[in-house]
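Following: one structure in structure tokens, then a few remarks.
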Amino acid sequence: MATLETTLCGVRLKSPFVLSSGPLSYDGRALVAASEAGAGAVVTKTISRVKADNPMPHMARAAQHTLINCEEWSDLEAADWIEREIAVAREGGAVVIASVGLSPEAVRELVGGVAAAGPHFVEVVSYTEEAIVPMVREARKRVKMPLLAKMSPNWPTVVKTAVECVKAGADGITATDSFGPVLRIDVATARPLMGGPFGYGWLSGAAIKPIVLRIVSEIARAVEVPIVGTGGVVRGEDALEMLMAGATGVGVCSTPILQGLGSFGRLNRELAEALDRYGYNSPAAASGAALPNLVDIKRKDALTFDYCADECNECRLCVDLCPYGARHLEGKEMTLDAGRCRYCGLCASVCPTGALGIAGGLRNRR
Ligand SMILES: Cc1cc2nc3c(=O)[nH]c(=O)nc-3n(C[C@H](O)[C@H](O)[C@H](O)COP(=O)(O)O)c2cc1C
């Protein structure tokens, strides 16, 4: 069985899964609970100069495995974290990443005290792209421990900013924060689901995974430091996908919120199985595995399909969803009208059993 142990900026983790900053990180005991449930490291709720005063409501399920939220930073005082909560998390055995936000002034004021409380890492996070590089500089001057900078998927030049953070002294990049602003409306009341200004919120969970994978892969090509790929990981294979895009650690926030802390045990099990299935003996062995395949060419090489009649359940999705009427199925006998087929690949992607796949390429696996 593959090991899940890994190293992030020189710190050993029992698992690559990191509880990212959010409601499950609200205090030291919550962080210990996540660590005991199987998280390799845990990020505190973002510590700032004034405690948050959250609008109500500020969290809702927006779609399957997907959340909308307008939760602010920590609703504890910075002094509570510095004097008590970080020590509680550390003494409880957690590998602690202390999140500090949300401006260069706040980092200047808080980061020394936060670091002195003994976390294993410091992470700086901001809502604005302009602030993050100065925040890294302020933190780097004051802390010796590994320093992570968290990127937002909403920043127009996020890859360039990640590079500048590394030049300013960041030892690693967390990518990404939640996506937005976004809106959901309750049609029965015509009111927004979120209680913040304009009803806007931020999207996280399954819906943002493709956005995050693209950003992680671009940052991985641009910097040499480790990346904590964070966004939309629901299952072990999502985590493997994040590693393959170039991540070293895998952050999760929405999945344990929506499924409970038990999801860390499940994610660990599923990732170990997925690593075994695809021939990797550790998370590090899979890290960046997809990068050589992400190349700037338009593939036009002849595409052929594989079909295994024994695995076909005759659901006919491949036939019914083909926009061109190119697929035909008689019983389990499959034929393709090559004159009509545009080789788009949709039929293979919707096959629920994996009976139909692209040769040497996509095949759904149960
Ligand atoms: C309710 C909620 C609160 C969050 N609060 C913070 C926060 O205080 N600081 C922070 O850096 N990120 C915060 N995040 C963002 C998450 O840490 C994470 O980057 C994002 O949700 C993407 O991961 P996911 O798709 O696994 O949820 C929050 C996310 C959610 C859903």
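Remember, it's 1-based here, ligands and their atoms both numbered in the order they're listed.
Distances from atom 29 (C) of ligand 1 to the heavy atoms of A60, S48, P23, C253 put C253 nearest.
Judged by distance alone, the side chains of T230 and T174 never bring a donor and an acceptor atom under 3.5 Å apart. Between the side chains of N268 and S15, at least one donor N or O lies within less than 3.5 Å of an accepting N or O.
In this structure, R29 places its CZ atom where only 12 or fewer heavy-atom neighbours from other residues, nucleotides or ligands lie under 6.0 Å away.
Between T230 and ligand 1, no pair of N/O atoms sits closer than 3.5 Å. Considering backbone and side-chain atoms alike, M59 places every N or O at 3.5 Å or more from each N or O of ligand 1. By the 3.5 Å distance cut-off applied to N or O atoms, T46 is counted among the residues near ligand 1. Looking at S254 next to ligand 1, an N or O pair under 3.5 Å apart turns up. Polar contact with ligand 1: present for T176 (N/O pair, distance under 3.5 Å). The distance criterion of under 3.5 Å between nitrogen or oxygen atoms is met by G205 with respect to ligand 1. Ligand 1 has a nitrogen or oxygen under 3.5 angstrom from a nitrogen or oxygen of S21.
A salt bridge does not link E270 to R235: none of the charged nitrogens lies less than 4.0 Å from a carboxylate oxygen.
Formation of a donor-acceptor pair under 3.5 Å by the S287 side chain with backbone atoms of A284 is not found in this model. Checking side-chain atoms of D75 against main-chain N and O of K51 turns up no donor-acceptor pair under 3.5 Å.
Heavy-atom contacts of G22 reach the following atoms of ligand 1: 3 (C), 4 (C), 5 (N) (cutoff under 4.0 Å).
Closest to atom 21 (O) of ligand 1 among all protein heavy atoms lies S204 CB, 3.3 Å. Of the protein's non-hydrogen atoms, the one nearest atom 12 (N) of ligand 1 is K150 NZ, 3.0 Å.
At least one heavy atom of V252 sits closer than 4.0 Å to an atom of ligand 1. The closest approach between a heavy atom of V233 and any atom of ligand 1 is not below 4.0 Å.
Applying the side-chain contact (heavy atoms from CB on, under 4.5 Å) test between L76 and each of D27, T44, I47 identifies D27 as the sole match.
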